[in-house]
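No hydrogens, no waters, no symmetry mates; every other heavy atom, side chains included, goes into these values. Read the numbers this way: they start at 1 and go in the same order the structure lists the ligands and their atoms.
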Amino acid sequence: MPQQVSERLRDDLDELSSRKLLKTEQEIVSPQSAHIHLRASGERLILNMCANNYLGFSNHQALVQAAHAGLERHGFGMSSVRFICGTHSVHRALERRLTDYLRTEDTILFGSCFDANAGLFEALLDAEDAVISDSLNHASIIDGIRLCKAKRFRYANNEMRELENALREARHCRTVLIVTDGVFSMDGVAANLPGICGLAKRYGALVMVDDSHAVGFIGPRGRGTPARHALENQVDILTGTLGKALGGASGGYVSGRGEIIAWLRQRARPYLFSNSLMPALCEASLTAIDLAENADDLRQNLAARTYQLRQGLSNLGFQISGSDHPIVPVITGDAAIAVQIADFLLARDILVVPFSYPVVPQGAARIRMQVSAAHSAEDIERVITGFRLAKAHVDNTV
Ligand SMILES: *Cc1c(COP(=O)(O)O)cnc(C)c1O
């Protein structure tokens, strides 16, 4: 490539590096789990506090076996998009199972939830329509909205007054869609679904919820944030991922009104132009849903460990965002302090990840941990102790 391009990219990378914003990746050399081996940490077992492994399914033996059986029965790949010759009966079975689990009318699978959100808005909305989006929505929602021609409105996180203003402004549009994450991933805060659904009803708007950080472990039987508020019937579109609590491999879906799903099969570009999911993955996902549906014990443990961590860190004087979600963000404000704490904890064999601008607002750096049902009370106690020592360490060095 032209020297000018490589120089520019090298300069940009150097700049990130000098500002300590270069993301590096820890290589895991064991299966994903609450306790892992890192290439950089040799024989030491590392307590993992940053996977989306909410129910501990990432290396669940029932899922491993279901995937093995799926490989034996269905082979490896489909080598086709769904509408050409890439629809296997296990795809339809998983779509029906998700529909039944989420109590919707129909479901369409995507390669990822990112793809689901990327394809949804462009297929459904045109220039006469409006989309009203929470300011903290996931990047895939932001990108999906960019791809459609609808008028765009944005409201500050969970600010119902601002949402109502936008609904008033958009009232002459043909279709108005309110879009929200069920749980906001950087803050561990849930969307105000009762407020949103109430306003949607009053103004005749549709509601779309991305429940990626809820499906499998929030609400009765893990059916998600709409079920938690008994609002399943008022959410028109529910997107989610198979890549977090439900096994953590990959795959996403849109579930909801029958006509919407039928239209997406005709028009959603990531569905039409990207390969269908590996059948063995679908087979294991069916098992994951069976397990999640009956995992009240795991959800109880997850809630107890989450409470323990949030309470323990609050008692130490740390500022924790949210109230009861297993996403536990410890707000440090200063990016360098977040990095210092993370380094300190890793030296004590605890893996956490610091987040700073532009992933979170300037001056709102944080360490975001995620509790898993696979964590023990001792694991959480170790983390709290680690933070106590890290605090003393940082106070001494700042
Ligand atoms: C993780 C996440 C996604 C992306 O899901 P993938 O299946 O990994 O593409 C989309 N939306 C939200 C809210 C998420 O948290």
Side-chain angles (χ1 to χ4, degrees), residues 25 32 50-55 57-58 91 94-95 98 102 107-121 131 133-147 154 157-158 177-193 196 207-219 222 224-226 228 235 237-256 264 268-271 274-278 281-282 284-285 288-289 292 321-322 325-329 353 355 359-360 366 368-372:
E25 297 172 2
Q32 181 66 283
C50 43
N52 299 303
N53 188 16
Y54 294 112
L55 294 173
F57 284 1
S58 304
H91 293 125
L94 179 55
E95 288 172 340
L98 281 163
L102 301 169
T107 302
I108 174 173
L109 291 172
F110 285 83
S112 67
C113 187
F114 200 108
D115 276 354
N117 290 335
L120 175 66
F121 304 100
V131 58
S133 178
D134 189 290
S135 63
L136 289 190
N137 279 343
H138 190 262
S140 55
I141 292 178
I142 295 168
D143 287 7
I145 290 173
R146 279 188 191 143
L147 291 171
R154 206 169 82 130
N157 181 230
N158 270 338
L177 176 61
I178 306 171
V179 179
T180 184
D181 282 9
V183 173
F184 300 95
S185 60
M186 283 298 142
D187 293 58
V189 167
N192 177 0
L193 281 195
I196 291 168
V207 176
M208 178 278 209
V209 175
D210 178 342
D211 235 7
S212 290
H213 281 287
V215 68
F217 61 99
I218 300 278
T225 55
R228 178 187 229 179
V235 172
I237 303 168
L238 190 58
T239 67
T241 184
L242 304 172
K244 292 187 171 119
L246 295 177
S250 64
Y253 59 85
V254 182
S255 199
L264 292 178
R269 292 168 66 85
Y271 185 80
S274 187
N275 199 33
S276 64
L277 284 174
M278 179 192 209
L281 190 160
C282 298
S285 299
I289 297 170
S321 167
H325 194 275
I327 292 173
V328 181
V353 173
F355 289 89
V359 180
V360 296
R366 66 200 60 191
R368 185 188 70 167
M369 287 178 285
Q370 290 164 282
V371 181
S372 166

- Item | Leu94 side chain near Ile289 side chain, heavy-atom distance below 4.5 Å | yes
- Item | Spacing of CG belonging to Leu281 relative to OG belonging to Ser250, to within rounding of 0.5 Å | 4.5 Å
- Query: Is the closest side-chain donor-acceptor distance between Thr239 and Asn117 under 3.5 Å?
  - Reply: yes
- Message: Working to the nearest 0.5 angstrom, can you tell me the gap between Ile327 CD1 and Cys50 SG?
- Response: 12.5 Å
- Item | Under the ring-ring contact (aromatic ring centres under 6.0 Å, His included) test, residues paired with Phe121 that sit two or more places apart | none
- So do the side chains of Tyr54 and Val215 get within less than 4.5 Å of each other, counting heavy atoms only? no
For ligand 1, output the ligand-protein N/O contacts shorter than 3.5 angstrom; if there are none, return none.
residue  : atom   : partner : partner atom : Å
ligand 1 : 7 (O)  : Cys113  : N            : 2.8
ligand 1 : 7 (O)  : Thr241  : OG1          : 2.6
ligand 1 : 9 (O)  : Cys113  : N            : 3.3
ligand 1 : 9 (O)  : Phe114  : N            : 2.9
ligand 1 : 11 (N) : His138  : ND1          : 3.4
ligand 1 : 11 (N) : Asp210  : OD2          : 2.6
ligand 1 : 15 (O) : His213  : NE2          : 3.0
ligand 1 : 15 (O) : Lys244  : NZ           : 2.6

